[in-house]
Amino acid sequence: MASSSAETVVKAAKNRGAKAKSPASAAAPKQATDDSQHDFFWTYTEEPHRTRRLAIIKAHPEITKLCGPEPLTKYVVAGVVALQIACAWYLRSASFFSLKFWAIAYVIGATSNQNLFLAIHEISHNLAFRSPMANRLFAIFANLPIGVPYSASFRPYHLTHHKSLGVDGLDTDLPTAFEAFVLDSILGKAFFCTFQIFFYAIRPMTIYRIQYTWVHHLNIVVQLAFDFALYYLAGSSFQPVLYLLLSSFLAGSLHPLAGHFIAEHYVYESVTPEQRDPKNSIPVPETFSYYGPLNWFTYNVGLHNEHHDFPAVPWTRLPAVREIAKEFYEDLPRHDSWIYVIWRFIWDENVGMTCRVKRKNGGRMVGAAASWTENEIQA
């Protein structure tokens, strides 16, 4: 549930936006059109994190000392990888359709693989080792229990998300117009929440394709070799690999930890019709934090405003960012429950696929593109 301070923040943002309107936006219709009611939140303002980062550094220059790798990460990752291999081996003779198989996959497997998703997220910011190459290779290791190779591709897409937050055609975390059109209903949103791991896996490639390097090929070869080794050592049993794949699916489905995918950037606050009008530039909150206990399993990814403000600060020091600069974070909208985030996303008609802030311009791509879609060229 978003905090009570959120409404105050939105009202303040509306007032600031009203004062800062350009002549063109001031002349825009005060009533949003029917089409704009079903459109994304378009803005012409700069993404908020760079601005806040500079203000925080000016007020608290000591905060930059929090940046740098966290040695603990590699030990946590090694432990979770070992746990998943042990569970996969334990289930080598179990029926895929048994309650035991699915219960272990949901409770232990999905929690572990969500942890590894977010470990790879940390590693993509070079926060496990000082050496960039060591981080690339360690991400491949963290990828093993996920079952499919993705760590090498995740990095450029995710870093582009940071450099191009909300930029249409660059930020692949944004739903496409097609997704919004097809899925913006209760059934559509339920389908999205159930199968969102596939949307996050496939969507980036439909927007633009990155150029493959030897690290991508190594990621593929190592992952396939690991999967085959599990199959072979388990006596030609597919069960261990199926367990890992099911764990990954459930981690990005109707699982409490999967709430972070939606909680991070979907706009849950009450928004006026004017803010649906693409001709105005009234800012709305576009990143939301969560400070609850599930952060223990997810490398503090819930501290998402803090993470976007300071992506070079590792998970163990993000609470210190909030403590040092608490005057910058206390009044920001936040979520109190990732489970409620999923529930409200599905059932609340005011929250849905189009509740994302989008920008036409700005940002930059991290990594070279192999090909561009027509939409990207026009953007």
Side-chain angles (χ1 to χ4, degrees), residues 1-2 6-7 10 29 31-43 106 110 114 117 161 165-207 246 248-280 282 284-288 290 304 333-360 373 375 379:
M1 180 184 295
E7 187 175 349
V10 173
Q31 295 276 334
T33 64
D34 290 341
D35 288 340
S36 68
Q37 293 283 358
H38 303 285
D39 198 3
F40 295 93
F41 300 125
W42 290 96
T43 184
Y106 188 86
Q114 185 64 251
F117 289 154
H161 163 67
L165 182 65
V167 178
D168 194 31
L170 284 180
D171 185 355
T172 58
D173 189 69
L174 292 166
T176 63
F178 177 77
E179 290 173 60
F181 176 76
V182 173
L183 301 173
D184 208 19
S185 65
I186 290 177
L187 286 177
K189 291 185 291 183
F191 181 86
F192 174 76
C193 288
T194 303
F195 298 99
Q196 62 179 317
I197 192 68
F198 295 114
F199 288 91
Y200 284 106
I202 297 171
R203 181 196 297 149
M205 295 181 290
T206 67
I207 298 177
L246 180 61
S248 293
F249 167 72
L250 294 174
S253 185
L254 298 175
H255 189 278
L257 298 187
H260 84 86
F261 288 123
I262 297 171
E264 290 165 0
H265 296 294
Y266 280 85
V267 179
Y268 271 56
E269 303 313 310
S270 300
V271 180
T272 67
E274 288 179 338
Q275 289 171 305
R276 282 283 190 181
D277 183 355
K279 292 190 170 83
N280 78 69
I282 300 174
V284 297
E286 54 191 287
T287 303
F288 296 78
Y290 159 80
H304 215 64
R334 64 182 65 91
H335 291 288
D336 295 326
S337 167
W338 280 342
I339 297 175
Y340 184 67
V341 161
I342 298 173
W343 177 267
R344 187 178 167 193
F345 182 83
I346 294 173
W347 292 103
D348 190 337
E349 63 180 9
N350 296 314
V351 180
M353 302 297 296
T354 61
C355 290
R356 290 292 298 264
V357 175
K358 280 194 175 187
R359 297 173 170 80
K360 285 289 186 185
T373 65
N375 180 51

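Positions are given from 1, in the same order as the sequence printed here.
- Here the shortest heavy-atom pairing between V267 and F41 reads CB-CE1, 3.5 Å.
- Every residue two or more places apart in sequence or in another chain was checked for a salt bridge (charged side-chain N to carboxylate O under 4.0 Å, His left out) with K189, and none qualifies.
- Applying the salt bridge (Lys or Arg N to Asp or Glu O under 4.0 Å) test to every pair with at least one member in residues 252-268, sequence neighbours left out, gives no pairs at all.
- L174 has its side chain out of reach of I207: every pair of non-hydrogen atoms, C-beta onward, lies at least 4.5 Å apart.
- Annotation for A177 and F40: closest pair CA-CE1, 4.3 Å, computed over non-hydrogen atoms.
- Under the 4.5 Å side-chain criterion, counting only non-hydrogen atoms from C-beta, Y200 is not in contact with T172.
- Among residues two or more places apart in sequence or in another chain, the side-chain contact (heavy atoms from CB on, under 4.5 Å) test is passed with V167 by S164, L170, R359.
- In this structure, the side chains of F191 and V182 stay at 4.5 Å or more apart for every pair of heavy atoms.
- I342 and C193 get closest at one heavy-atom pair: CG2-SG, 4.2 Å.
- Y268 places a side-chain heavy atom less than 4.5 Å from the side chain of V341.
- Here H255 pairs with Y106 under the ring-ring contact (aromatic ring centres under 6.0 Å, His included) rule; sequence neighbours left out.
- Seen from the ring of Y266, R356 counts as a face-on cation partner, given the 6.0 Å and 45° thresholds.
- F249 meets the ring-ring contact (aromatic ring centres under 6.0 Å, His included) test with F195, F198; sequence neighbours excluded.
- Residues D184 and G352 come closest through the heavy atom pair OD1-CA, 3.5 Å.
- Remark: A251 pairs with A110, N113, Q114, F117 by the side-chain contact (heavy atoms from CB on, under 4.5 Å) rule, at least two apart or across chains.
- In this structure, A180 and T354 approach most closely via the heavy-atom pair CB-CG2, 3.7 Å.
- Residues H304 and Y290 are not in side-chain contact: their nearest non-hydrogen atoms beyond the backbone lie 4.5 Å or more apart.
- Applying the side-chain contact (heavy atoms from CB on, under 4.5 Å) rule to E179 yields the partners P175, T176, L183, F192, F199, R203, M353; only residues at least two apart in sequence or on another chain are considered.
- Counting all heavy atoms, side chain and backbone alike, S337 lies closest to Y340 at OG-N, 3.0 Å.
- Qualifying ring-ring contact (aromatic ring centres under 6.0 Å, His included) partners for H161, counting only residues two or more places apart in sequence or in other chains: H158, H265, H308.
- Contact of the F288 side chain with the P333 side chain is registered, since non-hydrogen atoms from C-beta on lie closer than 4.5 Å.
- Rounding to the nearest 0.5 angstrom, the gap separating the CG atom in L165 from the CG atom in D171 is 5.5 Å.
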